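Everything numeric in this text was worked out from a predicted model, so none of it was measured. Remember, it's 1-based here, ligands and their atoms both numbered in the order they're listed.
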Amino acid sequence: MMRAKLYLETFGCQMNVLDSELVLGQFCACGYEPVGERDQADVILYNTCSVREHAEQKVWSRLGELRERKTADPGLVIGVIGCLAERDGANLFRRYPYVDILCGPSELDKLPGMVRNATVTSGRQSALMGRSGSRRSSTLDAAEDKLEMLDLSRSVSPSDERTQAYVRITRGCNKFCTYCVVPYTRGAEVHRPPQNVIDEVRKLADAGVTEVTLLGQTINHYAYDHGDGRVTTFAGLLYQIHEAVPHLARLRFVTSFPRDFTNDALAAMRDCPRICRYLHAPAQHGSDRVLRLMNRGYAAGQYVEFIDRAREYMPDVCIASDFIVGFPTETDEEYAQTADLLRRCRFKNSFIFKYSPRPGTVAMDRFADDVPESVKRSRNNDLLGVQQEICGEENRKMIGKKVEVLVEGQSKLVSRKGGGGGATVELGWEKPAAATQGQLVGRTRGDQVVVFDGPASLKGKLIDVAIVDAKSLTLFGHREE
Ligand code: 5AD
Ligand code: SF4
């Protein structure tokens, strides 16, 4: 019998990238053949993001394109999975009646069964957590949790020749920042058992993976209650992984919530040489009034204190942030406080977003989206300019230094994934004056992009590069022989 062909496209954050990998693994285990061309597929799945309207629009347009094809081929199965499915629910079926499957991020273990049913019955299938739905207990009973089985069943083999991989330590989010859909789409925070995380990291390292990025929406909030009085903290987990998997060259994690970052976790980063000294800790804003409206739970001064504390522990730590401009009622002066905070903290990189009202969030219910688009755009551009200037200055300081680079390959464009609820920012790099053939790209431990000449066979290797030139987005270097 011919194997059914599956096409899966992923939008949004690292969590979605990981979910897609696990989903694909499940389908392959059930005999499906993954294909890279949508036109060849019998089953088309979109793993979606809902964090800003723009992310949703991409999915709407993909679905629009499928209308004719589904009319011509009613046997085609179309599924929308991930955060948009969860957020929009049955509305999506009304708007696109030819969609067969809706599956939220907390229900992905059910997906192969749903696709099978849709193929047989051609009826609509939906698995959503729902608003009041299962905000699960915060500590997971792995044996009973089907979703946990999805992560546990991950298949990795050395023949995949993978360099990097994601490992989830926490699902969901309990913060309820007023602008954000994630607590509604991914549900309550659930911590995975430390042993499951360690085993997964080890499995990946055994298969040749060089760099593992641990994932959680507010990752430093991790605390696993063993039920016998013992609790594994985030710092404890970092030490345990570092010790249990000595053959993993790089361990990193995203996304950190500024308020919960303890000194133990900073000490773990300082003490464990294979943990990258990289923090992605979104500040979101520089005004205390706006931070309150956002329900962030800290004032700008406390954020700065955290950054200073991190640098006391690790003077060389690379820190990246996220900012939202144009939050409802934001004044020019308050925007200026955001720019001041960025200047004060001198981030290595910032992901900057224009506020996008999200249905179902407190901010959209309570506050009019009253900052005009033109003002949002100009604040966005201004802040990008501030960050770019800092990037340029910081990168120039790297000239003459030697850095360790994990070679990612020969790609023309570097795609950077912001943390939290799903930011994807495409960054092209500026070409140096004399760009030549055979350019490779890789990243430092601090997540800085480095471009240098070398053979493609270096992909996946850790090599030393001497930095000779720098632009605001990119470092340029020569391979140390
Ligand atoms: N509008 C704009 N940006 C948002 N983010 C989350 N929700 C919104 C929204 N409604 C940003 C935050 C978060 C990142 C992943 O996306 O900065 O850290
Ligand atoms: Fe949670 Fe981050 Fe969204 Fe806040 S911005 S609700 S911490 S996912």
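If you number the atoms of ligand 2 from 1 as listed, the ones under 4.0 Å from a heavy atom of R296 come out as 4 (Fe), 5 (S), 7 (S). Atom numbering of ligand 1 starts at 1 in the shown order; those under 4.0 Å from a heavy atom of Q284 are 12 (C), 13 (C), 17 (O), 18 (O). Every atom of ligand 1 with a heavy atom of Y355 under 4.0 Å away is listed here by number and element: 1 (N), 2 (C). Heavy-atom contacts of C173 reach the following atoms of ligand 2: 1 (Fe), 6 (S), 7 (S), 8 (S) (cutoff under 4.0 Å). When each atom of ligand 1 is checked for a heavy atom of R358 under 4.0 Å away, the hits are 10 (N). Residue contact check: T218 has heavy atoms under 4.0 Å from atoms 7 (S) of ligand 2. The ligand atoms of ligand 1 that sit less than 4.0 angstrom from a heavy atom of V51 are 6 (C), 7 (N), 8 (C), 9 (C), 10 (N).
None of D151, L147, T170 except one satisfies the side-chain contact (heavy atoms from CB on, under 4.5 Å) rule with R192; the exception is D151.
Residue contacts with ligand 2 do not include R186, since none of its heavy atoms lies under 4.0 Å from the ligand.
Relative to atom 5 (S) of ligand 2, the option among Y179, Y184, F257 with the closest non-hydrogen atom is Y179. Comparing T178, D322, D369 against atom 14 (C) of ligand 1, the shortest heavy-atom distance belongs to D322.
Metal site remark for atom 4 (Fe) of ligand 2: C177 contributes an N, O or S atom at a distance under 2.8 Å. In summary, C180 places no N/O/S atom under 2.8 Å from atom 1 (Fe) of ligand 2, failing the contact criterion.
Using bins of under 30°, 30° to 60° and over 60° for the plane-to-plane angle, the ring pair F257/Y298 lands in the perpendicular bin.
Pairs of residues two or more places apart, or lying in two chains, that qualify as salt bridge (charged side-chain N to carboxylate O under 4.0 Å, His left out) and include a residue from residues 291-314 are D308-R344.
Between the side chains of S50 and R87, a donor-acceptor pair is found at a separation under 3.5 Å.
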